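Single-structure report; data block below.
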Amino acid sequence: MGREGENKGRNIEDRLERILFDQARIRECIAAMGTRITADYAGGDLTIVAVLQGGVLFLADLVREIRLPLRLDSIAVASYHGGTASSGTVTFQDARLPDVAGRDVLVLDDILDSGRTLSAIVNRIRDEGAPKSLRSAVLLSKQVERVVPIEADYHGFEIADEFVVGYGLDYRGEYRNLPVIGVLKDEWIHCEA
Ligand code: IMP
Ligand code: MG
């Protein structure tokens, strides 16, 4: 069994210092976004492209709030490489790009921070995918100065510049399964030296 003191954090929600958004608030926010997307894309040829891994919970809940025929696809990238600060490079983990030629594409990610990830994906789909239209949606928008200037066309909550986990968002690959979004207690953040 894990390291010493693990018993203190047996329930992973106990590892949170603070909950920012509980399940009810997330559900309500995503329902509102789904309603807007349903209205905006009526009559379109919608393909939702989720950014893996972080966007999967958001994807699963959002698509059930969109009352239109649509297709699902995904794209896998890595930018954090384990810590709580972005590495500054966005790596596509698959040479394959979703087939979106002539489609109305909506790219979904969990969070917009520096803007590097979303802009790298949007640029690649625009340049290589020949979509009919291209927009983006994120559940969280960090209120920081973007390194790459980009804003999502749809965003759920605006948050301050702090590292959050849960609902798809990870720290060192974990916590994605938390049904809420919150801030980890310091004791669960490892020294990166
Ligand atoms: P950006 O490229 O800096 O905009 O960051 C976007 C990506 O970094 C997201 O897809 C997330 O995977 C990750 N990320 C950014 N902020 C956080 C955070 O607070 N918690 C966990 N992951 C984050
Ligand atoms: Mg991500």
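Just so you know, ligand 1 is whichever comes first in the structure, and atom 1 is the first atom listed for that ligand. FYI, the numbering just counts along the sequence from 1. The shown structure was predicted, so the numbers you read here are calculated from the model rather than taken from an experiment.
Between Y154 and Y41, the ring-plane angle classifies as tilted under the 30° and 60° cut-offs.
Residue D109 places a heavy atom less than 4.0 Å from ligand 1. Residue V51 places every heavy atom at 4.0 Å or more from ligand 1. K142 counts as a contact of ligand 1, since one of its heavy atoms falls under 4.0 Å from the ligand.
Taking every heavy atom of D170 and a limit of under 4.0 angstrom, the matching atoms of ligand 1 come to 21 (C). Less than 4.0 angstrom separates some heavy atom of T117 from each of these atoms of ligand 1: 1 (P), 2 (O), 5 (O), 6 (C), 7 (C). The ligand atoms of ligand 1 that sit less than 4.0 angstrom from a heavy atom of F163 are 17 (C), 18 (C), 19 (O), 20 (N), 21 (C), 22 (N). Close approach of ligand 1 to R116 is summarised as follows: ligand atoms under 4.0 Å from at least one heavy atom of the residue are 2 (O), 4 (O). Shown in contact with E162 at under 4.0 Å from a heavy atom are these atoms of ligand 1, numbered in order with element: 19 (O).
Of all heavy-atom pairs spanning D94 and R124, the tightest one is O-NH1, 3.9 Å. Between A137 and F58, the closest heavy-atom pair is O-CE2, 3.8 Å. For the pair I111 and V138, the tightest heavy-atom approach, listed with the atom from each and the gap, is C-CG1, 4.2 Å.
Residue G115 places at least one N or O, backbone or side chain, under 3.5 Å from an N or O of ligand 1.
Counting heavy atoms from C-beta on, the side chains of Y175 and W188 come closer than 4.5 Å.
Annotation: side chain to side chain donor-acceptor pair (under 3.5 Å) contacts involving residues 61-76, sequence neighbours excluded, comprise D61-R64, D61-Y167, D73-R96. Residue pairs meeting the salt bridge (Lys or Arg N to Asp or Glu O under 4.0 Å) criterion with at least one partner in residues 19-38, sequence neighbours excluded, are absent.
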Apply side-chain contact (heavy atoms from CB on, under 4.5 Å) to the pair K185 and R15, showing each step before the final yes or no.
-> CA-CA 6 Å; K185 288 178 183 161; R15 298 190 186 192; 5.7 Å; no
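Of all the listed residues (I159, L169, L52, V164), V164 holds the heavy atom that lies closest to atom 19 (O) of ligand 1. Compare G55, S114, G54, A120 by their heavy atoms: the one nearest to atom 1 (P) of ligand 1 is in S114.
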